[in-house]
Amino acid sequence: MATATATATRAIALLLISVAAVVSNAIDDGGGNFSMEEATIDQIQAAFAGNQLTSKDLVSFYLDRIAELNPSLRSVLEVNPDALDQAAKADLERSENQGRLGGLHGIPILLKDGIGTKDKLNTTCGSYALLGSEVARDAGVVDRLRNAGAVILGKASMSEWYRFRSFRMPNGWCARGGLPQNPYVKGADPCGSSSGPAISVAANMVAVAIGTETHSSILCPSDHNSVVGFKPTVGLTSRAGVVPVSPRWDTIGPICRTVSDAVYVLDAIVGVDPRDYQATKEASEFIPSGGYKQFLRVDGLRGKRLGIVRTPFMDSVDDSTVLTTFNSHLEVFRQGGATVVDNLEIANVDSILQPFETGEIKVMMAEFKVAVNQYLQELVKSPVRSLADVIAFNVNNSALEHMKEYGQDMFIEAEKTNGMGQKEMEAVQLMEDLSRRGFEELMRRNELDAMVTFGSYVTAVLAIGGYPGISVPAGYDSNGKPFGVVFGGLKGTEPKLIEVAYAFEQATAMRRPPAVSFSFDDLDEKLYLSAT
Ligand SMILES: *[C@@H]1O[C@H](CO)[C@@H](O)[C@H](O)[C@H]1NC(C)=O
Ligand SMILES: *[C@@H]1O[C@H](CO)[C@@H](O)[C@H](O)[C@H]1NC(C)=O
Ligand SMILES: *[C@@H]1O[C@H](CO)[C@@H](O)[C@H](O)[C@H]1NC(C)=O
């Protein structure tokens, strides 16, 4: 760390940031008050329609906010040099349509860095190996966002290569962005791999963001940073043009501050994509006519059956604030008219939670090599064309990529694989069997609409079956560290999950913006030490 970066980091570290008080954020234009901080898509659209706010104002606000906070939080890798122009264009379109362009029109969106854009932004998965690469076209979800009129604000940081290079890397770390910070509590794990989207949204550096998940990458950082993370059923959203891990399990979804914002984004990005045809075609049967907004119902808990699974997810929770808060949420479910079935268990959950034992990692490695090689070969230009090249790049650029600290054990193991062989297929069958006898049986036997779990430890259960989940802010521990609850369901049950998650959020309103003032002095060194 004896580098220019370390010196800069120390200089920045001396800054005291007060996240809540950084930028003046209220626009008062003739009686209607609009606050940029915590603004939802609905509020932004109302302010647009009422001529209180332009998309350009909003983009400027977020760019200032990023300039101010990012040196400490490090959740954004690049801002889009064309964002203000795109916003100006959206403002013009709105004036020509007499304000009648709702939805995502004019809304700035931050993309995780593994999501390809054909513009001035780089798409690098946080790695220098992909810096200077050029994608052939926008990712499928980006195409849809642009068509909906969204403004691409920039690329958010992430765990490099989804932390699939080496498990020795701390959550959220990437060579290009360094170690991002949880905005709530100094030194707290921000989780990953969609760390940048979650932190940026939490700290009001953008309204909404897009993340990706294979195993826990949307739900976990959302849980840790007090935002809403929506992991859709695999195939509901296109993965085309996104740096892959494992096409069997990869999914793309929103990370926002509210359930309704996440649902607006979901509505815009779901659907069949010829470039990810089989999966998106299959899952498209789940898309309800009229979209997902209709399920944003404050009475969404009424008549629902919710299964609470505590073990093993809460086994090590001993913070009484957390336990009290979690238990009070069960009362909220009941008061909302839901039937709560408490203390359920998922058969073989201990096996399911061991990704090396189930073969989850084995399958990921085999699929990663094939899928990432294909992604790299399809690039218009790139310094690396295969996983083998990436491995060589890391060796050649050892200091830049912190190879001494983190290595690339997983990459080296993945490079040894040869696609889906017999062992991998057996692992897939084992996991299908575990899902059938575990999660699916739990849902069916108890006639549940959703499973409710504390935190994000549950993610393996949802990962190996391609099931959807929504993480909603559910409180803060006695140190102020956020936690969420995950509502998980069977494939295609997003409508029910939205009803339950939205009604829960409306009844509890647990999210608050990070307001803690703290210094980042020497934080880096400490975390790097503990990580090696
Ligand atoms: C705006 O704020 C003022 C002062 O706090 C308040 O009196 C007024 O009702 C607010 N207007 C709206 C539309 O919320
Ligand atoms: C993309 O990376 C190149 C090479 O480092 C850099 O010059 C350029 O500014 C980056 N693009 C953006 C939008 O930051
Ligand atoms: C790594 O370095 C070797 C030796 O200089 C060179 O031949 C190779 O092209 C480099 N590979 C990458 C991907 O940087």
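Counting starts at 1 for both ligands and their atoms, following the listed order. All figures in this text were calculated on a predicted structure; none of them were measured in a lab.
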(request) List every atom of ligand 2 that sits less than 4.0 Å from any heavy atom of Lys120, numbering the atoms from 1 in the order shown and giving each element. (result)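 Near Lys120, meaning under 4.0 Å from one of its heavy atoms, ligand 2 has 11 (N), 12 (C), 13 (C).
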(request) Tell me the residues surrounding ligand 3, counting only those with a heavy atom closer than 4.0 angstrom, sorted by chain and number. (result)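 If the criterion is a heavy atom under 4.0 Å, then ligand 3 touches Asp389, Phe393, Asn396.
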(request) Return the minimal non-hydrogen interatomic distance between Met364 and His215, and the atom names on each side. (result)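 Heavy atoms only, the tightest pair is CE-CB, 4.0 Å.
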(message) I'd like to know if Pro81 contacts ligand 2, where contact means a heavy-atom distance under 4.0 Å to any ligand atom.
(response)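 The answer is yes: ligand 2 sits under 4.0 Å from a heavy atom of Pro81.
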(request) Considering only NZ, NE, NH1 and NH2 on the basic side and carboxylate oxygens on the acidic side, decide whether Asp143 and Arg275 come within less than 4.0 Å. (result)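 Looking at Arg275 together with Asp143, the answer is no, because their closest N to O distance does not fall below 4.0 Å.
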(request) Please work out whether any backbone atom (N, CA, C, O) or any side-chain heavy atom from C-beta onward of Leu131 is under 4.0 Å from ligand 2, and answer side chain, backbone, both or neither. (result)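 Looking at Leu131 and ligand 2, just side chain atoms fall under 4.0 Å.
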(message) Looking only at side-chain N and O atoms, does Asp250 offer a donor or acceptor that is under 3.5 Å from a partner on Thr214?
(response)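 Indeed, the side chains of Thr214 and Asp250 share at least one donor-acceptor pair under 3.5 Å.
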(message) Looking at Phe167, I'd like to know if its CZ atom is crowded, meaning that more than 12 non-hydrogen atoms belonging to other residues, nucleotides or ligands lie closer than 6.0 Å.
(response)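 Counting neighbours around CZ of Phe167, more than 12 heavy atoms of other residues, nucleotides or ligands fall under 6.0 Å, so yes.
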(message) If you count heavy atoms of other groups shown closer than 6.0 angstrom to NZ of Lys118, is the number above 12?
(response)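 Yes, NZ of Lys118 has more than 12 neighbouring heavy atoms, counting only those of other groups under 6.0 Å.
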(request) Name all pairs fulfilling the salt bridge (charged side-chain N to carboxylate O under 4.0 Å, His left out) condition that reach into residues 392-401, sequence neighbours left out, sorted by first residue then second. (result)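 Of all non-adjacent pairs touching residues 392-401, those that pass salt bridge (charged side-chain N to carboxylate O under 4.0 Å, His left out) are Arg165-Glu401.
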(request) Assess the cysteine pair Cys191 / Cys220: is their SG-SG separation shorter than 2.5 Å? (result)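 Between Cys220 and Cys191 there is a disulfide, given that their SG atoms are under 2.5 Å apart.
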